[in-house]
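What follows is one structure encoded as structure tokens, with my remarks underneath.
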Amino acid sequence: MRRWLLVLAWVAGAAGASERHALLVGVSSPPALPRSAWLDGPRHDVPAMRNALQAQGFAASRIVSLADGVDGAAAPTRDAILARLAHYAKTLQADDVLVIYWSGHGLLMPGRPSLWQTPFGQQVRLLAQDARVDGRNHQLTGTVSSADIGHAIDALAARRVQVVAMFDTCHAAASTRGDAGLAWRGLASPVLRTSPRAMSVAGRPASGASTSPPASAAGPRERPLFIGFFAAESLQRSAEALASDHPGQARGIFTRALIAGLRDNPASYLAWASLTSAYYRQAFDERQLPPSARPSPVYAGALEHALWTAAVSPASWPVRQDGRGWYVPYGRLDGLRVDDVLQRGADAWRVTGVGWNEARLAASGQATAGWARRLPAPAQVPAFSVLERRRGASTVDLSLPGQASLRLRVPDEEVPALRARATSIATVLALPSTAAAAPLLQARIEVTPPGQGLAVSLPFVDRDLGPLAPGTRLRVIVENGGENPADAGIVHLPLTGPATRVFPRFEGDSNRLPPHSGRFERAFEVTAQDAAAAPEWLVLVAAPASNGAMPRRFALFDALRDPASQEAERGAALAGGRRPEAAQVARVSWQVANGGGQ
């Protein structure tokens, strides 16, 4: 009897254990495409990725391959791919892991706004094996759009399945061949001779094109267990090797880097991303590809999690050494302050100087470079006093940097939260102004009073809009027209309410704006509040990024974190040249007009 009880206990435990699954898609030669547009790499990439995942403990029976030219794989048609994703959304359980990998051609097309779309409302279309252009209306069919994949991931996120998405495809409408022994995984519309239903002009929807999703469409959801590895920015191309210079290995350059990074047994997705970027750069260095022609990988999601689990790795910061001494490639934009202590075992460093994107350290005793925990110095608490308590409400007097003294009456139970919010806001308001420096991004804010159709456009710089009537519409527009990518963050910080993430919309989404065409736009409406005349702020911060750099974790997002949660892990050093003093900070404030809370 005891033996049977042990067996039943083992079965029950096994049934409740998380499982690892993978869907590997490779599309090399859609029959309807010209042979000149076919790829050779995907038929090699899929088996190589399959072997890499099996080495990571994925069972062969739980790896599904949909790829042409691969023994034992089913055809990678649009219906087969979507059916498999739908199957996972119905059968996988919480804490299961699903890897979605795609190797093939990508194409930019006009599309409806969504979480997964690129700047200017374009949508990525991934070509399945049955991709073709209808001879009568010239419409492209047999593709899987970014919205299709986004909806599938939303359904999986609702079941708390960890999704690891890896895309070795172009996100650009361009096609060249033969550069540095590479083939580029993108197609221009003329190659397919398509006639899109909704063309765009100068990056804006043409007349008659919809600019918002259907009323019945569900909005994007938070994806707490999502990790995304992308071979290129939205308007760049990814590449594959034309010749089999490494027999039995992947042809996709990004796929090779992913697999090489896995072989180094990274502890977290962040470490895997950092290794992938290093191998990616090495591959292009070997081919002497000029920096301007190199794709920049993009990483998004819960990168702090330990590999193949929902566990968060210990929060840590990369301590480095150069000719001037010790430093970390993060600064005041990331929340570091003078007298913070970084510690690893017996090694310790004190922060002695802080720039926008770099902090200098002094070591105590002998130390070696590596990852260290942060012991923050006490935060500067703004002047805050409770003057009177009466009938369940308190009169509070507080002072914030650069602001006149404020006196508010709030419910007694809201006083601790108000003190915490005031501390976070004071940290943001204390940041030096960057108005005198050349901006990294072009940003403006449009103000439309209620009942009026004409908006006033103002540069998004440090300014006070004064009293705004409830119903006033604010539209934020941020563009990157420069030569380099930038990481950005925008947060709404009301003094008497919770902070709201504006860009990126959800934690874990990529905060990178690509050069030349990166654009973000979002509209708001001023609403009445209980505490009349309480100020609100819309805050923008931006920092330079470089090819392969990990996404930034700006300090202004600390106000959005659960106080009980761990501090987010910081990424590896910025790839390429360091720009420790480049930054952009803008704070726009306003108050609801008198009577707004009545």
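Minimum interatomic distance between Val338 and Thr352 (heavy atoms only, all atoms of both residues): CG2-O, 4.1 Å. The two atoms that bring Ala543 and Leu333 nearest to each other are CB-CD1, 3.9 Å, heavy atoms only. Annotation for Glu358 and Pro580: closest pair CB-CB, 3.5 Å, computed over non-hydrogen atoms. Residues Leu275 and Gly261 come closest through the heavy atom pair CD1-O, 3.6 Å. Among all heavy-atom pairs drawn from Pro450 and Ala469, the shortest one is CG-CB, 4.1 Å. Taking both residues in full, the closest heavy atoms of Pro494 and Ala499 are given as CD-CA, 4.2 Å, listed atom of the first, atom of the second, then distance.
Note that the CZ atom of Arg587 and the CG atom of Leu540 stand 10.5 Å from one another [nearest 0.5 Å]. One distance of note links OG1 of Thr427 with CZ of Arg332; it measures 12.5 Å at 0.5 Å rounding. Atom-to-atom distance recorded for Thr309:OG1 and Gln162:CD is 6.5 Å, nearest 0.5 angstrom. Distance check: Asn484 CG to His516 NE2 gives 8.0 Å after rounding to the nearest 0.5 Å. The distance from the CD1 atom of Ile477 to the CG atom of Leu441 is 13.5 Å, given to the nearest 0.5 Å. Taken from CH2 in Trp356 to CG in Leu336, the straight-line distance is 13.0 Å, to the nearest 0.5 Å.
In this structure, Tyr299 has its ring center at least 6.0 angstrom away from the ring center of Phe230. Ring centroids of His305 and Trp272 are separated by 6.0 Å or more, keeping the two rings apart.
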>> side-chain contact (heavy atoms from CB on, under 4.5 Å) for Leu342 and Leu375? Distances and angles first, verdict last.
In response: CA-CA 6 Å; Leu342 299 175; Leu375 305 177; over 6 Å; no

>> Set out, in order, the CA-CA distance, both residues' side-chain angles and the distance that settles side-chain contact (heavy atoms from CB on, under 4.5 Å) for Ile490 and Val478, then state yes or no.
In response: CA-CA 10 Å; Ile490 306 176; Val478 179; 3.8 Å; yes

>> Go through it in stages, so that I can follow the logic: the residues are Thr276 and Phe254, the test is side-chain contact (heavy atoms from CB on, under 4.5 Å), and I'd like the CA-CA distance, side-chain angles, deciding distance and then a yes or no.
In response: CA-CA 8 Å; Thr276 297; Phe254 187 62; 3.7 Å; yes

>> salt bridge (charged side-chain N to carboxylate O under 4.0 Å, His left out) for Asp334 and Arg374? Distances and angles first, verdict last.
In response: CA-CA 12 Å; Asp334 311 285; Arg374 176 194 178 212; over 6 Å; no

> Between Val491 and Thr500, is a side-chain contact (heavy atoms from CB on, under 4.5 Å) present by the stated rule, with each step listed?
Replying inline: CA-CA 6 Å; Val491 166; Thr500 303; over 6 Å; no

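Side chain of Asn511 to backbone of Gly489: no donor-acceptor contact under 3.5 angstrom is found. In terms of modelled atom types and a separation under 3.5 Å, the side chain of Arg463 and the main chain of Leu458 share no donor-acceptor contact. Judged purely by atom type and a 3.5 angstrom limit, Tyr280 uses its side chain to pair as donor or acceptor with the backbone of Ala231. Side-chain atoms of Ser277 never come within 3.5 Å of backbone atoms of Ser274 as a donor-acceptor pair (strictly under, hydrogens ignored). Not a single donor-acceptor pair under 3.5 Å links the side chain of Glu479 to the backbone N or O of Ala443. Put simply, the side chain of Arg344 gets close to the backbone of Thr368: a donor and an acceptor are under 3.5 Å apart. One N or O on the side chain of Ser268 and one on the backbone of Ala271 form a donor-acceptor pair closer than 3.5 Å.
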Distance-only check: which donor-acceptor pairs under 3.5 Å involve side-chain atoms of residues 412-421, not counting sequence neighbours?
{"unit_1": "Asp412", "atom_1": "OD1", "unit_2": "Ser394", "atom_2": "N", "d": "3.3"}
{"unit_1": "Asp412", "atom_1": "OD1", "unit_2": "Ser394", "atom_2": "OG", "d": "2.4"}
{"unit_1": "Arg421", "atom_1": "NE", "unit_2": "Leu495", "atom_2": "O", "d": "2.9"}
{"unit_1": "Arg421", "atom_1": "NE", "unit_2": "Gly497", "atom_2": "O", "d": "3.4"}

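Counting only heavy atoms from C-beta outward, the side chains of Pro439 and Phe460 never approach each other to under 4.5 Å. Gln591 places a side-chain heavy atom less than 4.5 Å from the side chain of Asp464. Leu538 is not listed as a side-chain neighbour of Leu474, based on a closest heavy-atom distance of 4.5 Å or more. At least one side-chain heavy atom of Val539 sits less than 4.5 Å from a side-chain heavy atom of Leu493. By the 4.5 Å heavy-atom criterion applied to side chains, Arg320 and Pro318 are counted as neighbours. Phe384 has its side chain out of reach of Ser399: every pair of non-hydrogen atoms, C-beta onward, lies at least 4.5 Å apart. Contact of the Pro382 side chain with the Leu400 side chain is registered, since non-hydrogen atoms from C-beta on lie closer than 4.5 Å. Side-chain contact between Glu483 and Pro515 is absent, with no heavy-atom pair separated by less than 4.5 Å.
Tested against His492, the residues Trp590, Phe524, Phe503, Trp537 include a single ring pair (Phe, Tyr, Trp, His ring centres under 6.0 Å) partner, Trp590. Tested against Arg473, the residues Leu468, Val526, Thr448 include a single side-chain contact (heavy atoms from CB on, under 4.5 Å) partner, Thr448.
For the pair Asp340 and Arg350, the salt-bridge criterion is not met [side-chain N within less than 4.0 Å of a carboxylate O].
Partners of Ala367 under the side-chain contact (heavy atoms from CB on, under 4.5 Å) rule, at least two apart in sequence or in another chain, are Trp326, Asp347, Trp349, Ala363. Contacts of Arg475 classified as salt bridge (Lys or Arg N to Asp or Glu O under 4.0 Å), with partners at least two apart in sequence or in another chain: Glu521.
Side-chain contact annotation: Asn357 with Arg552, donor-acceptor N/O pair under 3.5 Å present. Under 3.5 Å, the side chains of Thr395 and Arg409 contain a donor-acceptor pair of N or O atoms. Side-chain polar atoms of Ser405 and Asp397 form a donor-acceptor pair below 3.5 angstrom.
Within a 6.0 Å radius of CG in Leu454, no more than 12 heavy atoms belonging to other residues, nucleotides or ligands are found.
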